[in-house]
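Quick notes on the structure that follows.
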Amino acid sequence: MRFPALPDFPWDSLTGAAAVARGHPDGVVDLSVGTPVDPVPEAVGEALRAAWDSPGYPQTWGTPALREAAAAALGRRHGAGRSAVEGLDPDAVLPTVGSKELVAWLPTLLGLGDGDVVAFPDLAYPTYEVGAQLAGARPVRVGDDEPLPADARLVWLNSPSNPTGRVLDAAALAARIAEARALGAVVAADECYLGLPGPGVVATSVLDPVVHGGDLEGLLAVHSLSKISNLAGYRAGLVLGDPALVAGLLQVRKHAGMIVPRPVQEAMTAALGDDVGVAATRDRYDARRAVLRPALEAAGMRIEHSEAGLYLWATADEPCRATVDRLAARGILVAPGEFYGPAGAAHVRVALTASDERIAAAAQRLAG
């Protein structure tokens, strides 16, 4: 049997540090993974329970109500009061089995392979690279100030960024899209953290006309309910944008059986209407950032970017594994920056996805 040659799963390498952190007398504060710990909104759970008796196959395209709710939520949450994102065609919405699945398989679904380049940020979620490798394409890291490779066929954008929390403004997004279009490349924007912009920060979707200039051709946005609605366990994602691209993805996914279960589709529909819950989640993470950031800085670490999303991008100006080990000795587990590319070799990613009590415990340990 010949499986694809892929890198080791990064988090498997944290076994030793995790064991040290778990040995702390007050237990581990695990800030190494961006997995939500807060409750699923009650209305979402009720929608899931109400749809339990779903014996038939669900629609790969998603219910019309789900697609309409997704288009409407994008307009309300990321368009109102600015250049409007309203008016996205619900037919250009497709549910996915979480966003990671779509990130991993998009190069394959688009028919990319040998000789094709998948470009992505130099500091990036590992799955962009893995997705290119699964398709047999060539992954290429590109710095913000570097030109795209001339043979790029898929270009990933990620704002707000995982791991850095950096937000690209509308002008920067528009410039990269124009560059990719000149090469004939598809642009896929990972916008999983768009709903968590941080206090006073404006995070712009690539589906905003101020970015794409009124033309969605060749443009996709990937959204997730894992973070903004605490639905990581539901595997609830969406891809939206160019109607022709979405229609092509739909056809392939029908053949491949890539279908979101019907009860989860109903839960997604409820979550997409729950702006109050999203606001509460955003406030919760902002409060945790306000506790943890100054604690890390007081402990001698420098925080870069980190204005949005779920992470603090921190450095002690030393090899990242040394920082991981020092924090593990205090019972705090974080992710080494090298997981996200060579440019992260002196950084660590510190997640805000722990309870208020555990975040407070981490701050206290950092002060000790």
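Salt-bridge check for Glu129 with Arg138: failed, with every basic side-chain N at 4.0 Å or more from each acidic carboxylate O.
The minimum heavy-atom distance between Pro107 and Val103, with the atom names listed, is CD-O, 3.8 Å. Leu207 and Gly241 make their closest contact through CD2-CA, 3.9 Å (heavy atoms, listed as atom of the first residue, atom of the second, distance). Counting all heavy atoms, side chain and backbone alike, Pro95 lies closest to Met268 at CB-CE, 4.3 Å. Closest non-hydrogen pair, Val324 versus Ala335, comes out as CG2-C, 4.3 Å. Taking each heavy atom of Pro149 and Val140 in turn, the nearest pair found is CG-CG1, 3.8 Å. Heavy-atom minimum distance, Pro147 versus Val142: O-CG1, 3.7 Å.
Formation of a donor-acceptor pair under 3.5 Å by the Arg235 side chain with backbone atoms of Val260 is not found in this model. With hydrogens and angles ignored, the 3.5 Å screen pairs no side-chain donor or acceptor of Ser32 with any backbone N or O of Val334. A distance-only check finds no donor-acceptor pair linking the side chain of Glu46 to the backbone of Glu42 [under 3.5 Å]. Side-chain N or O atoms of Glu266 include none that pairs as donor or acceptor with a backbone N or O of Ala50 at under 3.5 Å. With hydrogens and angles ignored, the 3.5 Å screen pairs a side-chain donor or acceptor of Arg141 with a backbone N or O of Asp122. Side-chain atoms of Thr96 do not come within 3.5 Å of backbone N or O of Val239 as any donor-acceptor pair. Here the side chain of Arg288 pairs a donor or acceptor atom with the backbone of Ala354 at under 3.5 angstrom. The backbone N or O of Gly34 lies less than 3.5 Å from a partner atom in the side chain of Lys227, making a donor-acceptor pair. Without hydrogens or angle criteria, Thr315 side chain to Ala346 main chain gives a donor-acceptor distance under 3.5 Å. Side-chain atoms of Ser355 come within 3.5 Å of backbone atoms of Arg358 as a donor-acceptor pair (strictly under, hydrogens ignored).
Under a hydrophobic-cluster definition in which Ile, Leu, Val, Met, Phe, Trp and Tyr are linked whenever side-chain heavy atoms come within less than 4.5 Å, directly or via other members, Leu216 and Leu157 are assigned to the same cluster. Residue Val167 is not grouped with residue Leu173 when hydrophobic side chains (ILVMFWY) are merged at heavy-atom distances under 4.5 angstrom, including chains of intermediate members. When the side chains of ILVMFWY residues are joined at heavy-atom separations under 4.5 Å, either directly or via intervening members, Leu333 and Leu310 end up in two distinct hydrophobic clusters. In this structure, Leu352 is a member of the same hydrophobic cluster as Val291, with clusters built from ILVMFWY side-chain heavy atoms closer than 4.5 Å. Leu194 and Leu94 fall into different hydrophobic clusters, where Ile, Leu, Val, Met, Phe, Trp and Tyr residues are linked whenever their side-chain heavy atoms come under 4.5 Å apart, directly or through other members.
With no hydrogens or angles considered, no side-chain donor-acceptor pair links Asn158 and Arg166 at under 3.5 Å. Between the side chains of Thr269 and Arg67, no donor N or O sits under 3.5 Å from an acceptor N or O.
How far NE2 of His223 is from CG of Leu240: 5.5 Å, rounded to the nearest 0.5 Å. Interatomic distance, Leu123 CG to Asn162 CG, rounded to the nearest 0.5 Å: 10.0 Å. Taking CG of Leu106 as the reference point, atom CG of Leu110 lies at 4.0 Å (rounded to 0.5 Å). Considering CG of Asp38 and OG of Ser229, their distance stands at 12.0 Å, rounded to 0.5 Å. Here the straight-line distance linking atom CD1 of Ile332 with atom CZ of Arg326 works out to 10.5 Å at 0.5 Å rounding. Here CZ of Arg321 is found 5.5 Å from CG of Leu14. Values are rounded to the nearest 0.5 Å.
Within a 6.0 Å sphere centred on CD of Glu146, heavy atoms belonging to other residues, nucleotides or ligands number more than 12. Counting heavy-atom neighbours within 6.0 Å of Gln364 CD, excluding the residue itself, gives a total of 12 or less. Around the CG atom of Asp26, the shell of radius 6.0 Å holds more than 12 heavy atoms that belong to other residues, nucleotides or ligands. Around the CG atom of Asp114, the shell of radius 6.0 Å holds no more than 12 heavy atoms that belong to other residues, nucleotides or ligands.
Annotation: side chain of Pro197 is not in contact with side chain of Glu307 (no heavy-atom distance under 4.5 Å). Two residues are said to be in side-chain contact when any heavy atoms from C-beta on lie closer than 4.5 Å; Leu31 and Leu292 meet this criterion. Using a 4.5 Å heavy-atom threshold, the side chains of Leu88 and Val93 count as touching. By the 4.5 Å heavy-atom criterion applied to side chains, Asp30 and Thr35 are not counted as neighbours. Side-chain contact between Val20 and Asp325 is absent, with no heavy-atom pair separated by less than 4.5 Å. Side-chain atoms of Arg262 and Thr63, non-hydrogen and from C-beta on, do get closer than 4.5 Å to each other. In this structure, the side chains of Thr353 and Val33 stay at 4.5 Å or more apart for every pair of heavy atoms. The closest side-chain heavy-atom distance from Val130 to Leu134 is below 4.5 Å.
Among the candidates Asp275, Asp208, Asp274, the single residue satisfying the salt bridge (Lys or Arg N to Asp or Glu O under 4.0 Å) test with Arg77 is Asp275.
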Q) Is there a salt bridge (charged side-chain N to carboxylate O under 4.0 Å, His left out) between Arg181 and Glu179 once you walk through the steps? A) CA-CA 6 Å; Arg181 283 175 164 169; Glu179 183 184 6; over 6 Å; no
Q: Start with the C-alpha distance between Ile259 and Val97, add both sets of side-chain angles, then the distance that settles side-chain contact (heavy atoms from CB on, under 4.5 Å), and finish with yes or no.
A: CA-CA 7 Å; Ile259 312 173; Val97 189; over 6 Å; no
Q: Under the side-chain contact (heavy atoms from CB on, under 4.5 Å) rule, what do Thr60 and Met258 come out as? Steps first, then yes or no, please.
A: CA-CA 7 Å; Thr60 307; Met258 292 176 165; 5.7 Å; no
Q | Pair Glu191-Ser205, side-chain hydrogen bond (donor to acceptor under 3.5 Å, both in side chains): steps then yes or no | A | CA-CA 7 Å; Glu191 298 184 346; Ser205 172; 2.9 Å; yes
Q | Test log, rule side-chain contact (heavy atoms from CB on, under 4.5 Å), inputs Met301 and Val348 | A | CA-CA 10 Å; Met301 303 190 73; Val348 294; 3.9 Å; yes
Q. What's the verdict on side-chain contact (heavy atoms from CB on, under 4.5 Å) for Leu296 and Leu312, showing C-alpha distance, side-chain angles and the deciding distance?
A. CA-CA 9 Å; Leu296 288 165; Leu312 296 171; 3.7 Å; yes
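A ring pair (Phe, Tyr, Trp, His ring centres under 6.0 Å) check over residues 289-325, counting only residues at least two apart or in different chains, returns the pairs Tyr193-Tyr311, Trp313-His347. Screening residues 318-341 for ring pair (Phe, Tyr, Trp, His ring centres under 6.0 Å) gives Trp11-Phe339 as the qualifying pairs, with residues at least two apart or on separate chains. Applying the ring pair (Phe, Tyr, Trp, His ring centres under 6.0 Å) rule to pairs touching residues 129-170 yields Tyr128-Trp156, sequence neighbours excluded.
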